[in-house]
Amino acid sequence: MFVTNLYHWSSLKILTSTKLNTSHSHNIFRSYNFVSRCSSCASHLFSTFSCKTSLNEQSCVQYIQRCGTLNQLKQIQTQIFMAGLHQSRGPINKLMAFCTDPSLGNMGYAEKIFDFIQEPSLFIYNVMLKALAKQGSFKRVVWLFNRLRVVGLWPDNFTYPYVLKAIGSLGDVQEGRKVHGIVIKTGLEFDTYVCNSLIDMYAQLGEVQFFTKLFEEMPQRDSVSWNVMISAYVKCRRFGDAIDLFRCMRVESKEKPTEATIVSTLSACTALKDIELGKDIHDYVRNNLDFTVRINNALLDMYAKCGFLIDARKIFDEMPMKNVICWTSLVSGYVHYNKLDEARELFERSPFKDVVLWTVMINGYVQHNCFDEAISLFQEMQRQRVKADRFTVVSLLTGCAQLGVLEQGKWIHGYINEHGIKIDAVVGTALIEMYGKCGCIDESLEIFKGIRDKDTASWTSIICGLAMNGQANKALEFFSEMKRVGINPDYITFIGVLSACSHAGLVEDGRQYFNSMTTLYNIEPKLEHYGCLIDLFGRAGLLHEAEGFIEKIPNDNIETIVPLYGALLSACRIHGNVEMGERVARRLADIESSDSSVHMLLANIYASADRWEDMTKVRRNMNNLGVRKVPGCSSVEINSFRCENTRMKKSLLRSIEKSAPRVQIPIASSCVLIMTRPLPQKTFFKFNAKDGLISRLCGDKRYKEAMDILCNQKRLTEALQLLTHIERPSALIYSTLLQHCLQQRALEEGRLVHDHIRGSGFVPGLFMYNRFIDMYAKCGCLQDAQKVFDEMPDRDLCSWNTILSGYAKAGQLDEARRLFDEMPERDNFSWSSLMSGYVRQHRPKEALELYRMMQRNQISKSNKFTVSSALAASAAMPSLRLGKEIHGYIMRTGLDSDEIVWSALTDMYGKCGSIKDARCIFDKMEERDVVSWTAMIDRCFEDGTREEGFALFSKLMSSGTRPNDFTFAGVLNACADHVAEELGKQVHGYMTRVGFGPFSFAASALVHMYCKCGNIENAKRVFNGMPKPDIVSWTSLIVGYAQHGQPKEALKIFELLLESGIKLDHVTFVGVLSACTHAGLVDEGLAYFHSIKTKHKLKHTADHYACIVDLLARAGRFEEAEKIINDMPGKPDKYLWASLLGGCRIHGNIELAKRAAEALFKIEPENPATYVTLANIYATAGMWSEVAKVRKIMDERRVVKKPGLSWIEIKRETYVFTVGDESHPKYNEIREFLKKISKRIREEGYVPNTNFVLHDVEEEQKEQNLSYHSEKLAVAFGIISTPPGTPIKVFKNLRTCVDCHTAIKFISKIVKRKIIVRDSNRFHCFENGSCSCGDYW
């Protein structure tokens, strides 16, 4: 009250003591009224205000700067007006700046203050323009700009950017050019700030020539100029120009690309799928800029939209800060490339779920025909209280239209109305399309009438809907109205128009509309337009004109010609033109012989003409080609439940018949649904899979639906219990149950279904019998399958093929061959099944004999499956000559267009050793599935082309094709073989990201890889994460611990394996015996060896004998070793003799060493290891003449000692060393280090072991030779190249020599490092002067 009273008094005093003119008095009273209203909302003033306070401009500004809320500002504003400072520039400028701040002020309040300012300054106008532009009040911006000019103010370079932005957003070209002219008049046309804004405005208006000219004429360009220009090209979809300008900027301009430059250019790369430039930009950012959130989002979006999902995921995983944009981009990428599982997993993990992310996921399900998942997710979206926008409902309406589910579409329409979503052109078009495709064209018309701003899509949807619903004339009326109101049609519009002409028989109109596409609207006709016109001619009986029309079309595109000839063939069927039908069918058969519709149409033409023999020939030809008729399918929606079947079920008819006035609805022109009353309205989106729903369904006696839910939840036993409640189960119910038993390999449940059929009196048909045979065969119960086969009153080809395939897959090939010979007729499946069985059981010769037999059979003709089986047999032999013969046959018969055949050819050439031919075939494949990729990658690894194999795997990951278990297992095994742990870790990370869980058998390959690469900790970690490790995983871990010098841990794992109950195999015992060998546990090893036969009932293999001989020989128990050799059933192999020779080397047993060496010379005389080991034994004994003899024999036999190699990986680069290697760039540093460390280890007690130096030279020379062994060089390089304390990991292709082993023990103690050396036999972990092998290796 104090403020108000004070102001009242001040105002009255002014009025009574001063003579004022009328306008001035009027302004004072306006101020008085306005301030009175403001002061009424303020309850107190700042403590600094008092009646004694004298306000001036400076103090007002200070108070405004300290102000924190709008209420406080109103109090200050009252004081400003009371003090008469409301026309002072300083306070009023600050006041307006505060009010227009979106975070603190109030725009409505700011406009009121603005109105009371007598002569606002240019600064205040600019503040208002800025605030209005940010608020989106673009028309107000233009109005205020014009007012600014009217009052005589001169716009500056701060005024124009906001005005130009507003004009661009309004799309007002004329106003934009007008303001451009004003810019020129005010002399700011060369101001960089204004020029940039002009470029941006013209970009928004789509005026490419204007902004290009502006940019070229700019006297000076800053980084913003380049960024705006690149962005302008992107906005106008001139992506190539944007990229060219980016390159020009990097070459010609001093300005360096900034974050804005990068983001805009990456948008262009994304649009053009220019991944190479995108990667270059990625490298530029890595070297010159920081990875900001915007840049990371742009990079992620580019990689995702270009299909490089692995790179996108890598960026995503490495982002320190993630916002909703990056989550949405990656989910959208996964959705686009049909990786819905990965998309959903990421969606569920996202902490930010806005309506855009929900919509992307829902739309993904709709686009990939997973409508149930889309509905379920929308239901979850509602539960999360996220309000859908127009794009969400449009996506759902699209799904409803695709499936024709009217009730769901109506529910969504209700949701739109209930939640106030505006039915604009976009939403309206989706509703029109949904109702039209669901047969409710009247609703479509009502929606269309209600759309205020109709666009081309809206008109097109109603025209197509009318044409589809048989209202062709009305559709054409709408098309005429569309042209009258000035809306230009697009190519989709003409599909509806031509379709309407076709249904109405308007041939001449159709011709005119078709011609007008090119003459009036410059629209190039597409496949759909040609098809509509052919259909129009065909329906009118103008078959020859239609045929002539097709022949005039350029026929270089088979995809265009085939459907058109198909439409003509359909017309031939309608009009009974047999001659033309035969001619057209022959043309189609030459192009696409596997299309069943061609054969069926021709057969129908013959049947209509009573040419039954010709019809029979067509069907026989279909069988020979392996072509099966696609079954017809109809669907009906009842109570919001969509039922889809190939044949109408009697049980469904009965259930509908019970609810009644008799209304007949024809379904697929062969079935009748009898309905009685309107279907009750049912609340949609209430479906769930919980037991409450099942109980309700059972209560309503809707057992079939309840059974479907239980089966989908894999609750077969409970589903079977419902059979007792159904009086007479239909064939469909039994078939559905059997299908789920088959999918889940549920043999016992399948038998229960079979028993129920027998007890219910139901007589199964041929289809049901065949399904029983298939179920029993695939569940491994061939006896029951054979019993069903024998009981069948009639059998068809499918019956024979099913039982034949069952025996072939089970490996019972003799029985399969007996059935094959008894078959009354055979098709390609019969031949392929037996051939594949022979290949799987390693009998490729018989498979090829069967293939030749098929070739001689004139009735049978090979298809892609039979030639693939023959190629697999050639690969198994292997026989490159036979494979090439089959390849020639494939080329001659035109079977080379199928991806299955390409994959088989790749596999055959690879396995036959012709890797170049395999790669050539692989590179020619247009579409490669995961099988093709995996086969080629495996062939590269088997051929020894390691780098090519890894490069192919990298291409696979960036191709968008998801690798499977076999792919990962092959690559991980290659990583293990080549000790590529870093790559193995990358593969492990990728497996984790794409969801390969611990149940995958590729997890076993992970355990194996980590063990072979020396990372036993990671191997154990992976193993512990496996819920049910298989025998491969157990064995890999046992062998891994054995090789890492932890035999006790290996045996402990073996005992756990015994407790698990998993059946052991011979490989497991190789690992166990190896562990005993490395630990010197002779008695334990012998016990395990004997238990193989006595306890575990397995046979001893050659590997077991080699292990036990190695164990005994290392321990010096040669007599026992010889006894085992003499008692073994077969001849000793090279591994056994090599084990014995190794033991002789340790203990100096020269006589037995000679015997072992002689045996090895006979088995593999070319192996240098035998000669070297024998020479070492002689050298240790000082028998230099014998050493010389061994060397002479090697020279005579041209046997060359394999050079010792050691390698080490530093910073992802591999460095290889040989003995005395001086080629390394850091050789001098390595040599100096070895000199220094040699002195120190001698001081610690190291004595060089020269016993195995194979030269009769002085002791000093021997020591010199030992100093530069490859493993010492590698260890030295690792130490000088890594920070102190870093573990060193070295790999060697041969056994580590005794001297190096001793030296590295001392080195590990001195440098205080953990040094791991993997030689050809095991891992040595050196630490603090000792080795994990316990000096026993």
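For clarity, every value in this text was computed on a predicted model and none was experimentally measured. We count residues from 1, following the sequence as given.
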Taking ring-ring contact (aromatic ring centres under 6.0 Å, His included) as the definition, give me every residue that meets it alongside [X], ordered by chain and number, with sequence neighbours left out.
X       : value
Phe1306 : none
Phe953  : none
Phe291  : His282
Phe316  : Trp327

Residues which pass side-chain contact (heavy atoms from CB on, under 4.5 Å) with Tyr284, listed by chain and number, not counting sequence neighbours: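 If we apply the side-chain contact (heavy atoms from CB on, under 4.5 Å) test to Tyr284, skipping adjacent residues, the hits are Arg250, Lys256, Pro257, Ile262, Asn288, Leu289.
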With sequence neighbours excluded, residues passing side-chain contact (heavy atoms from CB on, under 4.5 Å) with Asn973: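 Expected list: Ala1005, His1008.
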Mutual orientation of the aromatic rings belonging to Phe1069 and His1104 [parallel < 30°, tilted 30-60°, perpendicular > 60°]: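 Phe1069 vs His1104 ring planes: perpendicular.
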Ring geometry between Phe1323 and His1044 (parallel below 30°, tilted from 30 to 60°, perpendicular above 60°):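 It falls in the parallel class, under 30°.
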Could you pull out every donor-acceptor pair under 3.5 Å between side chains of residues 1271-1287 and any protein atom, sequence neighbours left out?
unit_1, atom_1, unit_2, atom_2, d
Glu1271, OE1, Lys1292, NZ, 2.9
Glu1271, OE2, Lys1292, NZ, 2.8
Lys1272, NZ, Leu1266, O, 2.9
Lys1272, NZ, Asp1299, OD2, 2.7
Ser1281, OG, Phe1277, O, 2.8
Thr1282, OG1, Gly1278, O, 2.6
Thr1282, OG1, Arg1313, NH1, 2.8
Thr1286, OG1, Pro1283, O, 2.8

Donor + acceptor pair across side chains of Thr1035, Thr1068 (<3.5 Å):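 Per modelled atom types, Thr1035 and Thr1068 side chains form a pair under 3.5 Å.
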Non-neighbouring partners of Ser1139 that pass side-chain hydrogen bond (donor to acceptor under 3.5 Å, both in side chains), sequence neighbours left out: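 Testing Ser1139 for side-chain hydrogen bond (donor to acceptor under 3.5 Å, both in side chains), a comparison that skips the adjacent residues, returns none.
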Only counting residues at least two apart or in another chain, list the ones meeting salt bridge (charged side-chain N to carboxylate O under 4.0 Å, His left out) with [X].
X       : answer
Lys1289 : Glu981
Glu1327 : none
Glu1049 : none
Arg1240 : none

